[in-house]
Amino acid sequence: MIASTGSAVRERTRDTFDDNRDAIFRRFKNVPYSPDTGVSADELQGMADAYLLEHADQPRILQKASIFRLVLTRGRIDIDPLDWFAEKIDHGDVLRKLTHGARGDQDFGPGLWLEEAAAGALKRGTDWFDQARDHGVTTGPRSGLDLGHISPGWDKLLARGLTGLLDDTAQARASLGDDITEDQAAFYNALEIVYGAAIDFASRLSVLAEKTAEVYADHAVNLLEIGSALSNVPANRPRTFHEALQFMWIMHELIEMEGENVRSMGQFDRTLYPFYRADIEAGRITEDHARELIKYFWHKWYCGTEGAANGKNFVFGGQAANGSENVNELTYLALDAYEELDTPDPKLSVRYLPDSPDRLYRRVADLIRKGHNSFVLMNDPPAVEALVKRGKTPEDARMYLPIGCYEPAVEGKEVACTMNVTVSLAKPIELALNDGLDARTGARLGPATGDAAGFTSYDEFHAAYITQLDYVLNNSHDNIAQAEREWPRINPAPFISGAIDDCIASGTDISAGGAHYNSVGFVGAGLANAADSLYAIKKTVFDEGRFTMAEIVEATRGDFAGREDMRLYLRNRVPKWGNHAAGVDEVAKGVADHFCSTVHSFTNGRGGGCQAALFTLVAAMSFGALSGATPDGRKAGESLAPGVGASYGLDTGGVTGLINSVTKLDFTETPNGSVLDVSLHPTAVAGEDGLHAFVSLIKTFFAQGGYAIQFNVLDADTLRDAQRHPEQYASLQVRVTGWSVYFTTLTRKEQDLYIARIAHAG
Amino acid sequence: MPASRSPVTESATGIAVNLKGRVFDFKRFAVHDGPGIRTTVFLKGCPLSCAWCHNPEAIARGSQIFYRPERCIECLACVDACPTGAQAVIDDKRIFARGICDLSGDCVDVCNSGALEMSGRSMSVEEVMDAVRQDNSFYGQSGGGVTLSGGEPLLQAEFATALLRACHEEGIHTCVDTCGQLQWSTLEAVLPFTSMFLYDLKDTASENHRTNTGVLNERIIGNLKRLSETGVPIEVRMVIIPGVNDSDQQIEDAGRLLADLDNITGVRLLAYHRMAGSKYDALDMENTLPDVEPPGEVRLIAIGKQLETRGLTVYLPDRA
């Protein structure tokens, strides 16, 4: 079964990645599956439907595993003769349509099993949630439990291969003996089915690669390499760097096919270094060829997203379990490859320690200022401590991955559901001003906290705000806990479960809480709007007596119609979060502390903890659009503040003031992550002086306890020109909070917001 | 109005408590006003009046009010607040009659839109220190500090000296960005507290210098020579204005002058730009910015080469 891997550097085809990238992209988007290779996706769908009818009494995990096997053994496959990696199977999203109906940005409508749950068990007690979601209060799990922020244990997978997981399965089953439950037996059976199917699938591809090599003699080198690799992986430990990459890529595709989104591909430099180093030492690979392979590998992610959606995360730097830093020559080789690739996907994160090499800071800062703004820079000390505070061992906490954007999860041990709930911290201001009712529709979203016009102290308003916020948090928690308990019947996921501790040992799927750590993320969005609004009321009503509570209530309810003078006072003359102003910063810290500690008091539906985060992603706009005017001078419908930073255009104290404010928050209490978005004008970071200042800015943010930071280095004129001439700016990347996208793919409204922010930075 | 001369009392640290200066701006994360990340403090008043000045609000010593009508929402609160009638509505038109304005600032206090903005406010040394101390950690990380600029910051000699001394005593690196049109004793007084000078050299041709800045350049060049003998590091800054101060002869003369001096760390070329025009409008000042295009990169490189042949280190404007 195992073809020998040449010990000398293989003779390379003369074509380069750059020669092939466009052709590979086209074939990725429109795969010419040959009917000779299997049955069509439509036929697969028919066979899957028939299977379900015939096996209606089978546990769902076995139904799913069986259809997984059906697809992989019968579906059509393809290999691009120009490529160095293979994975293509014409699966028609049969499995996703069965469960929860969505893949990334594609929505197939609710899956059968989700639809059934939504009509049944999930229906109870969700009236509040439906209202709240439609009014910009919270997001939650009606469209699917967030198993999307997940990463298998890459170390374990690469070390043992799928045959290793099958061995573990047999051993675990044997050790349970007669005590085994039906659920455990079904889980182990499912593992045997899906891993066997994946190994068969790799063999099918391997045979096809060898056949294709006969037809495309010019590309025999890469095709035979694919063939050889897939005769070994993912069944066994990779023998080469190329095999390790092929292993990870095929796992990514199969996990996604099963029904989860893989949002982290692990610690690239630590995990892959042994394979790379061994190849270099044995003379099997050159640096140049390794860089080319990384480009072919990463191009797959770009082909998947086209730079228009949130991509997948690879992390560099950081620590191994024992605390040693993961920086090596592969780190820099991969960063070089990324610069040459020049695409927004995949996303790269870099974890820093206080004494990380200056070269790592300078290399990444230089890439960012050259426009490669997909980087998130993370500060290990608070990130690790936050996880330890929530009960993880230090060894596990050091193995966190930024999973998605900047939400940490322990590699191979945690199902963190980091985006299960996003809550608006600003909406409860509107509710406190309106006795629990939505200002626009009058819908009751929170408890009656009294007529705010009659409040006689700031403490009274603050208490009403906290009551409204707690109500939102408690209800969101009840809702998610209920949904979690349904999840084994909606989306059991044996293929990834076996790659996450302790599922095999306990015989439990991740959907049933089999992971070693089961967490749920609660994301708080719009901290600036909440803090600025509270402080504006404190200062203008109760400290200065400039306005009355009745005026504030009436003006915000009426979206400041006829009160533009008042709105401008509230917006421009009252100190704002993000400017190192003591009063409002203290209010913000109070809101953040309350939010985090309340979230941390919850237990989730899988028996794990809930973890707080402070960021926004798309919620800044989606919540903002559904929120009334706020006493910070924000008009109805306007975006909330992005990330954990200041409202758009209101960080007038400069980037140092912004950092000084934000680092007053205790980020060891945001175990589910946080980020500060910073826009810098290109001239501020130009030249050697600028690079030095840029690096120093990042280091100061970290030294002061900041969590994660991301940058846009752009000038407003460039963006305005890009609006006028999108055709000339197809490759212009900007960083939307959370991910890097092509500017021209944003909506006009999003573009305008961006330009306003960038103009302010200049 | 120059720095206050009211009776001076001293704090425990020897800094005059009631000494006030007139500050018109702070720029944080300033990265081209000396080494590292800096906070640049802009003081009002300048002995020169350069045609190309990009801080026209810095020329006058007293406060001034920016008026930007495009931001005005016509709430007319300023008209009600104005004690002299300078803010008025005449024939349905909003008028700001600066001639009768007494600079009370009452209009600015009630202007929420930002259409009216006071340039220049009276601050004590301690108030400025509070503002600059906020970024101590950035200075420490980057080897940065505080830069005094203006206008000519040393025109408020007593205040600037006290400020530099306060920074010096707290271990904050200091730069003074000066035009050099000063009594030598003024420069000498700040020397013990100044880590580095940023020294403007506008034109080596003295008559031409007078035409464009209002003064001859002998004193400026004399002070530069004398300063270079004290041992303090000096970065020379030359703003390049095509057709005004960039002839081969002018550059040659500058090169020859600077090559003979000690302690010149380098010559930083700054490209003239016309982006300050809106500030002239907002102050109702005549826009004197020369109507020439910014110097091109090729020309700047050529000037840089010319200076480098004299053994000078040249910093070109960073390309973004």
Side-chain angles (χ1 to χ4, degrees), chain A residues 361 369-371 546 562-574 579-582 633 649 651-661 663 678 680-705 713-715 717-718 761-762, chain B residues 25-40 71-78 80-81 108-117 130-146 235 265-266 268-271 273 275 313-320:
Chain A
Y361 279 102
R369 68 178 181 164
K370 285 174 178 166
R546 177 176 294 273
R563 294 307 307 270
E564 183 65 3
D565 59 328
M566 179 184 185
R567 189 185 78 81
L568 289 171
Y569 187 89
L570 291 167
R571 183 179 155 85
N572 296 336
R573 309 289 284 222
V574 181
N579 295 283
H580 197 47
D651 48 335
T652 52
V655 64
T656 58
L658 180 62
I659 287 174
N660 282 332
S661 274
T663 54
V678 171
L680 295 173
H681 196 271
T683 56
V685 293
E688 175 55 32
D689 292 349
L691 184 61
H692 173 67
F694 193 3
V695 166
S696 301
L697 190 76
I698 296 162
K699 287 184 176 177
T700 308
F701 176 73
F702 287 166
Q704 294 188 182
V713 180
L714 290 165
D715 67 83
D717 287 343
T718 303
Chain B
D25 207 358
F26 288 88
K27 185 183 181 201
R28 298 185 183 276
F29 194 60
V31 296
H32 301 301
D33 293 341
I37 295 174
R38 312 192 70 82
T39 299
T40 303
R71 293 187 190 173
C72 178
I73 60 164
E74 307 206 335
C75 68
L76 306 185
C78 57
D80 292 340
V108 176
D109 289 345
V110 297
C111 182
N112 300 334
S113 70
L116 293 162
E117 185 192 343
D130 272 348
V132 302
R133 262 186 219 118
Q134 288 182 9
D135 289 350
N136 270 350
S137 50
F138 295 90
Y139 313 148
Q141 187 65 250
S142 66
V146 168
E235 178 182 296
T265 61
R268 187 175 295 274
L269 302 185
L270 307 170
H273 63 76
M275 284 185 281
T313 302
V314 176
Y315 309 109
L316 293 174
D318 288 316
R319 275 195 307 153

Heavy-atom distance under 4.5 Å between the side chains of B:R268 and A:D689, does that happen here? yes
Answer yes or no: is there a side-chain heavy-atom contact under 4.5 Å between A:T656 and B:Q134? no
In short, salt bridge (charged side-chain N to carboxylate O under 4.0 Å, His left out) pairs touching residues 692-702 of chain A with sequence neighbours left out are A:D358-A:K699
By a 4.5 Å heavy-atom criterion (distance strictly below it), what part of A:L697 contacts chain B: side chain, backbone, both, or neither? both
Given a strict heavy-atom distance threshold of 4.5 Å, which part of A:H580 is in contact with chain B: side chain, backbone, both, or neither? both
Look up atom CG in A:N579 and atom CZ in B:R28, then write down how far apart they are to the nearest 0.5 Å. 9.5 Å
If you measure from CG on B:N136 to OG1 on A:T700, what distance do you get to the nearest 0.5 Å? 11.0 Å
Do side-chain atoms of A:R571 reach the backbone of B:N112 as a donor and acceptor pair under 3.5 angstrom? no
Using a 3.5 Å distance criterion without hydrogens, assess whether the side chain of B:H32 forms a donor-acceptor pair with backbone atoms of A:T683. yes
Over all heavy atoms of both residues, which pair between A:H692 and B:S142 is shortest? Give the atoms and the distance, please. NE2-O, 2.7 Å
Under 4.5 Å, counting heavy-atom pairs only, tell me which of A:A684, A:G654, A:G690, A:G657 racks up the most with chain B. A:A684
Please identify each residue that fulfils ring pair (Phe, Tyr, Trp, His ring centres under 6.0 Å) with B:F138, with sequence neighbours left out. none
What residue in B:G36, B:A30, B:C75, B:C111 has the most heavy-atom pairs under 4.5 Å with chain A? B:C111
